[in-house]
Amino acid sequence: MSVATELCAPLAVLGHDVQVPLVSGEKVEYAALDYAASSPALQRVWDDVAAYAPYYGSVHRGAGYLSQLSTDLFEQSRRTVEDFLDLREGDQVVFTRATTDSLNLLAGVLPEGTRVFAFETEHHASLLPWRRAGLTVSYLRAPRSHAEAVARLAEALAAAPEGPKLFCVTGASNVTGELWPVAELTETAHRYGTRVVLDAAQLAPHHRVSVRESGVDWVAFSGHKLYAPFGAGVLAGRADWLDAAEPYLAGGGASRTVAREADGSVAVEWHSGPARHEAGSPNVIGAYAVASACRALTEAGFDALEAREQALIARLKAGLAAIPEVKVLSLFGDDAARVGVLSFVVQGWNSSHFSAALSAEYGIGVRDGLFCAHPLVRTLLGGEDAAPSECGAPEPSLPGERSLNAIRVSFGAGTPEEHLDRFLAAVRELVTDGAAWSYRNEGGRCVADTRR
């Protein structure tokens, strides 16, 4: 019996027994190893949503039983997320569509003249929203250690003029899985009068996140990475800048009163609190799914989940280290703490070709490309920052051609050991024997050539 199995079994997820076709015509159980993009939904979450579905109704407006029930469910979901994030008194939870939506919302409420600081290693969702009128953004060069990250931030903030400032930092890299020193960076930022927003998209599914303990001012994450279905996310934290700004979306729900003026214009009084930035009919099912996932992970126990995941990480790293042709990408070094996300390249292989072979010949789903973190991946691969590539897609190179993109394997609470064992066996076989099928370029992606 393995150490991981002794610790705890994987959580039940949808699609765990789905059979997919191989290029040979056989079918195998799909090994989903692309959790960093979207994790499978927990069976518990799906069951909760299905149980609520017959009682679906409008919220905050209806007097009927189903409307009242849905309103209570929506607001209780907010309370559940507050508890999950260990928010401070006065903090608020705003439901959004995803992490990207959350950070764009925050960018829109920053006071005029705010200076934003972010390392170039961020995901595009936390790298790009600040590029708008009225804000000044400074991108800090990639650090190679936690100490260097803290020192580089301190240096940049010490040189910044007076005025509102925000620092955006990821909790765990979506490329390397490495953990960032959030508490130390937050303490440094606050010393220079700078607020902090934590991109917890990759952190929250793997680790307990405490806003109170870390000291961050806001946290953002996505439901679809937290074992909930697509369509809902969270921005949580301090209320003052949120309440002082114009609503993210103007419309019903955000407005408290609307009245015609004598001159023919319309006067609006906006709500304060979460409603201010949740205009329109909210995604009640999405919010409930996020809350269900928060409850499920909390009840499973993060200590047990983290222990199991660390055992799987050690198993994966040892297996890849035994294959000389594989190079694992790292910003902070081989011994850096990480979640279940790992990117690598294989000597002599185009990453798109290798990933296509894993899927077509072994039924293993990984990701290849630049992972919507172009500057970071190009830094790790030694490429040019300005080299073009679409978000999430590899460069249009053919098998055997050099490409500045990588392969990412990612997993979590629903991953069985057998899937990682199959992955490692497939990597060894491909490196040793090569692909059994021929592949061609189709629209910038490498696909099995079934025309033969």
Side-chain angles (χ1 to χ4, degrees), residues 10 13-40 312 315-329 340-371 377 381 390 392-412 414-452:
V13 295
L14 293 180
H16 68 91
D17 56 355
V18 166
Q19 299 286 307
V20 296
L22 303 182
V23 71
S24 64
E26 302 173 72
K27 285 191 173 183
V28 297
E29 182 180 291
Y30 185 62
L33 296 177
D34 192 17
Y35 275 48
S38 291
S39 64
L312 294 182
R315 188 189 195 98
L316 176 65
K317 288 177 62 180
L320 292 177
I323 307 172
E325 293 83 359
V326 171
K327 175 188 176 184
V328 174
L329 304 183
V341 179
L342 185 147
S343 295
F344 63 98
V345 291
V346 182
Q347 181 181 343
W349 283 81
N350 170 277
S351 294
S352 179
H353 184 198
F354 199 89
S355 299
L358 284 174
S359 176
E361 300 181 28
Y362 299 92
I364 297 171
V366 297
R367 196 174 184 93
D368 64 279
L370 299 176
F371 318 125
V377 178
L381 294 178
E390 295 182 14
E395 296 163 331
S397 47
L398 293 168
E401 292 182 354
R402 181 176 183 269
S403 62
L404 282 173
N405 54 291
I407 305 157
R408 184 180 69 192
V409 54
S410 53
F411 51 93
T415 305
E417 294 173 46
E418 184 270 335
H419 286 184
L420 285 181
D421 290 342
R422 275 176 56 196
F423 168 77
L424 288 170
V427 172
R428 285 192 295 269
E429 190 168 288
L430 285 172
V431 168
T432 302
D433 302 331
W437 211 266
S438 60
Y439 292 78
R440 60 187 174 87
N441 182 287
E442 185 177 281
R445 292 207 63 84
C446 196
V447 298
D449 192 346
T450 58
R451 300 172 300 180
R452 67 177 188 178

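Computed from a prediction, not measured in an experiment: that's the story for all the values here.
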Test side-chain contact (heavy atoms from CB on, under 4.5 Å) on R422 and I364; report intermediate values, then the result. CA-CA 8 Å; R422 275 176 56 196; I364 297 171; 4.1 Å; yes

Give the C-alpha distance, both sets of side-chain angles, the deciding distance and a yes or no for side-chain contact (heavy atoms from CB on, under 4.5 Å) between F354 and V366. CA-CA 10 Å; F354 199 89; V366 297; over 6 Å; no

Listed partners of E429 passing side-chain hydrogen bond (donor to acceptor under 3.5 Å, both in side chains), at least two apart: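 So E429 forms a side-chain hydrogen bond (donor to acceptor under 3.5 Å, both in side chains) with Y362.
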
For atom NZ of K327, is the number of surrounding heavy atoms from other residues, nucleotides or ligands below 6.0 Å larger than 12?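 Incorrect, the count does not exceed 12.
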
What do you reckon, is CD of Q347 surrounded by more than 12 foreign heavy atoms closer than 6.0 Å?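 Not more than 12 within 6.0 Å, no.
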
Between [X] and [Y], which heavy-atom pair has the shortest distance, and what is it?
X	Y	value
P324	A322	CD-O, 3.5 Å
S359	L22	O-CD2, 4.0 Å
A448	W437	CB-CD1, 3.9 Å
A36	V341	CB-CG2, 4.0 Å
A406	F371	O-CZ, 3.4 Å
R367	A37	NH1-CB, 3.5 Å

To the nearest 0.5 angstrom, please state how far the [atom1] atom of [X] sits from the [atom2] atom of [Y].
X	Y	atom1	atom2	result
N350	Y439	CG	OH	12.5 Å
L312	K317	CG	NZ	13.5 Å
L33	L358	CG	CG	9.0 Å

I'd like to know whether V20 forms a side-chain contact (heavy atoms from CB on, under 4.5 Å) with K27, so could you lay out the CA-CA distance, the side-chain angles of the two residues, the decisive distance to 0.1 Å, and finally the verdict. CA-CA 5 Å; V20 296; K27 285 191 173 183; over 6 Å; no

Any side-chain heavy-atom pair of I407 and W349 under 4.5 Å: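 A side-chain contact is absent here, since even the closest heavy-atom pair is not under 4.5 Å.
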
Minimum side-chain heavy-atom gap R315-D421 below 4.5 Å: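 Heavy-atom side-chain distance check passes, below 4.5 Å.
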
Exam field: side chain [X] to backbone [Y], donor-acceptor pair closer than 3.5 Å:
X	Y	result
S351	D368	no
T415	G412	yes
S343	L329	no
E361	A435	no
E325	V431	no

Report the C-alpha separation of L342 and S410 in whole Å, then their side-chain angles, then the decisive distance to 0.1 Å, and conclude whether the side-chain contact (heavy atoms from CB on, under 4.5 Å) test is met. CA-CA 6 Å; L342 185 147; S410 53; over 6 Å; no

